[in-house]
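I have placed the structure first, in the form of structure tokens, so that the comments after it can refer back to it.
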Protein chains: 2
Amino acid sequence: MFIMMNKEHNEHMAVSGIPTDMKLLDIHEAARFLRVSEVSVRRYTKSGALRCLRVGGRRERRFEREDLEAFVGANSPTRALAEASKPIGAAQPTLGPADVAAPEFATIEGMPVPWGRHLCQLYETDRGRVQMTVPFLNDGLNAGDACFLIASEPARAHLIEALRRVRGDLGPDIEAGRLRVIDHAQNGSAMLAALDEAFGAAMEEGFGKLRLVGDMAWFLDQGLSGDELVNFETRYDRQIGHSYPIISLCLYDARRFSGIEILHALKSHADTFDLPLSRFLLR
Amino acid sequence: MFIMMNKEHNEHMAVSGIPTDMKLLDIHEAARFLRVSEVSVRRYTKSGALRCLRVGGRRERRFEREDLEAFVGANSPTRALAEASKPIGAAQPTLGPADVAAPEFATIEGMPVPWGRHLCQLYETDRGRVQMTVPFLNDGLNAGDACFLIASEPARAHLIEALRRVRGDLGPDIEAGRLRVIDHAQNGSAMLAALDEAFGAAMEEGFGKLRLVGDMAWFLDQGLSGDELVNFETRYDRQIGHSYPIISLCLYDARRFSGIEILHALKSHADTFDLPLSRFLLR
DNA sequence: TCACGAAGATCAGCATTGATAATCAATGAC
DNA sequence: GTCATTGATTATCAATGCTGATCTTCGTGA
């Protein structure tokens, strides 16, 4: 009683001009916002469906309003990028992110990987670039998944050639829409939109599972900055990577990225840490 | 005086040299920002987990927004290897006396970490350098462990100053041999020998537990190559890091190392992957 | 209709947190 | 200069949130 009064008191008091825009909600307030139990809120964050921050030695959950609103709207994947009017007042009866309902696994080098994961892989030689990705794509093509590939030039030819070598002629796969090479866009936003579009189209064509391999050096080849790359990955992680039945594998050539960029790459692919990370650090 | 010193790296400087965006929050505002009580804010600062400035003869706490934002961590599983550290074999029957003493843990940001681990931590701002290490060393000094520090110059003074700020005068710790600043050697082999010597000496003096914090930029400052660094870390991992009751925390400033070097740093600290890695990727 | 997954409720152990009190010294208003 | 207020420090104690577990209910789809 006293506590609540304490918390809701003076929220809008712009004391001394300090921007109070960063309003964090605790788990109780978040649960009330979503009209679910606190237990469910914990489940959402644990599964990665709902983003949350942590504070203190007890690692209590803190939520930003923006994330809660995004979670409510996460029901319509194809419109994941539309950030127009979102009715936040009346909660929709069935809220449930797509990845919560994906009970199947793909296999990457023997590791079971659930769908809806956004992973990164670091490598430092050309061989490392294809070592994990080619089997991953080959498995997907065999399983009838829609497989997407993004890469700029030396890497693109290298990946395609390596895939062709284990699979033979790729013509049938391409014609059937199982293998799609996506041209990299001019900037991150355009690429996000293109991916959202491509994934939505594949789903409508009846593909139940998607796979993406992206060699992120295309970003550098477009002359884009590291900041823009972080921005792209963060938005992909929040808006797309967990909203489709897709496994996204982002490749980082450690020879081409700086230490800071590698650090940012790791931080924006937290899903990878649920798996044995050492398997994703290739030669 | 604290204030001026701390703002030397701020980009947004007005002509006067005083940063324009320097909005200090008092403890009440900081507590409201984090959605915790003022008592907790005081606890955070006392442990060194949250940086604060002091003003006036009453040493009132003042906070920078950036410090508060850095304190709010990302979501990540909190389970640490309480279970994973157990021997893989079946249930142990009766244990010998040596085994009874074994099951002890240190605590790093709430994570239980067994002794004998060789961990790495990546950071990209000066703030990140001290965020995890200062509480780690402070805990060790409080517990009576022997704490070793290796760093070359800008980092060394920064770490010592940050530790002094939460702990007060370090003279007693140094005189009692609890805190030892080790001069970096000319090359990796000499450093390995020096560390082996220093650890053995501390053990003979009766210290039961050791802690090491090393900012690996000293390697670069010695003009040594990345290959030599890998070699050093690999040998440390094999020969020393697991042979003493020590927790070794190696810091990598992502601003100073290349992508390949960061990749190698990760690969040579596989112990880190047993813990929630995202907690070791700091800002 | 049955099976399945999600949601909700509950239990336990545990460490942190929040509230409160007492003391002390600096601050700010008069 | 006085004097009430504020914040620091230390301490105690109850409440809260986290983790993991089990169990039941509910709605949907096979």
Side-chain angles (χ1 to χ4, degrees), chain A residues 1-7 9 15 24-32 34-50 52-63 71-72 74-75 91-105 114-116 208 245, chain B residues 24-32 34-47 49-50 52-63 71-73 75-84 105-113 135 139 142 165-168 275-276 279:
Chain A
M1 200 59 158
F2 290 108
I3 303 171
M4 297 192 50
M5 289 178 57
N6 229 344
K7 279 178 182 168
H9 193 240
V15 194
L24 298 181
L25 309 192
D26 62 29
I27 190 169
H28 176 74
E29 295 165 314
R32 215 156 39 96
L34 296 174
R35 306 301 303 263
V36 299
S37 70
E38 299 183 15
V39 183
S40 289
V41 173
R42 293 200 181 91
R43 257 194 289 259
Y44 300 154
T45 63
K46 190 175 177 179
S47 75
L50 172 62
C52 79
L53 304 169
R54 300 289 195 144
V55 62
R58 204 158 45 174
R59 304 188 41 69
E60 297 189 5
R61 292 169 173 83
R62 295 290 119 96
F63 300 85
F71 180 80
V72 173
N75 233 6
Q92 297 164 352
T94 56
L95 9 108
D99 68 340
V100 176
E104 283 184 35
F105 296 85
W115 299 93
Chain B
L24 292 183
L25 311 197
D26 61 28
I27 190 167
H28 176 74
E29 296 165 317
R32 218 157 37 89
L34 296 173
R35 272 285 196 275
V36 299
S37 70
E38 299 181 15
V39 184
S40 287
V41 173
R42 293 202 180 91
R43 273 193 275 246
Y44 301 154
T45 62
K46 194 170 0 180
S47 74
L50 172 61
C52 77
L53 309 171
R54 299 290 194 147
V55 53
R58 204 159 41 170
R59 296 175 27 86
E60 295 188 14
R61 293 170 173 84
R62 293 294 122 93
F63 300 86
F71 179 77
V72 185
N75 185 23
S76 64
T78 185
R79 55 147 173 84
L81 54 169
E83 208 58 29
F105 298 87
T107 295
I108 300 182
E109 291 191 356
M111 300 176 280
V113 179
D139 287 350
N142 285 334
R165 202 175 295 170
V166 305
R167 195 171 174 71
L275 298 163
R279 309 271 290 276

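Residue numbers start from 1 in every chain, and the chains themselves are labelled A, B, ... in the order their sequence lines are given, proteins ahead of strands.
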Give the B/S/- string for nucleotides 7-13 of chain D, one per nucleotide from 5' to 3', where a protein heavy atom under 4.0 Å of the base yields B, of only the sugar-phosphate yields S, and otherwise -. BSB----
Would you please say whether a donor-acceptor pair under 3.5 Å links the side chains of B/Asn75 and A/Arg61? no
Closest non-hydrogen atom pair, A/Glu29 against A/Leu24: OE1-O, 4.3 Å
Nearest-angstrom distance from the residue atom CD of B/Glu109 to P of C/dT16: 13 Å
What verdict does the side chain to side chain contact (heavy atoms under 4.5 Å, CB included) test give for B/Asp26 and B/Glu60, after you've listed the backbone C-alpha separation in whole Å, the side-chain angles of each residue and the deciding distance to 0.1 Å? CA-CA 8 Å; B/Asp26 61 28; B/Glu60 295 188 14; over 6 Å; no
A/Arg54 and B/Arg279, any side-chain heavy atoms less than 4.5 Å apart: no
It should be established whether B/Tyr44 places a side-chain nitrogen or oxygen under 4.0 Å from OP1 or OP2 of nucleotide C/dT17. yes
Once you round it to whole Å, what is the distance between C1' of D/dG17 and CD of A/Glu29? 14 Å
With sequence neighbours left out, write down each residue that passes ring pair (Phe, Tyr, Trp, His ring centres under 6.0 Å) with B/Tyr44, or none if nothing qualifies. B/Phe71
Close side-chain approach of B/Arg62 and B/Leu25, heavy atoms under 4.5 Å: no
Starting from P on C/dG8, measure out to CZ on A/Arg35 and report it in whole angstrom. 11 Å
At under 4.0 Å, does any side-chain N or O of A/Ser40 touch on OP1 or OP2 of C/dG8? yes
Tell me: CG of B/Asn75 to C1' of D/dT19, nearest whole Å? 13 Å
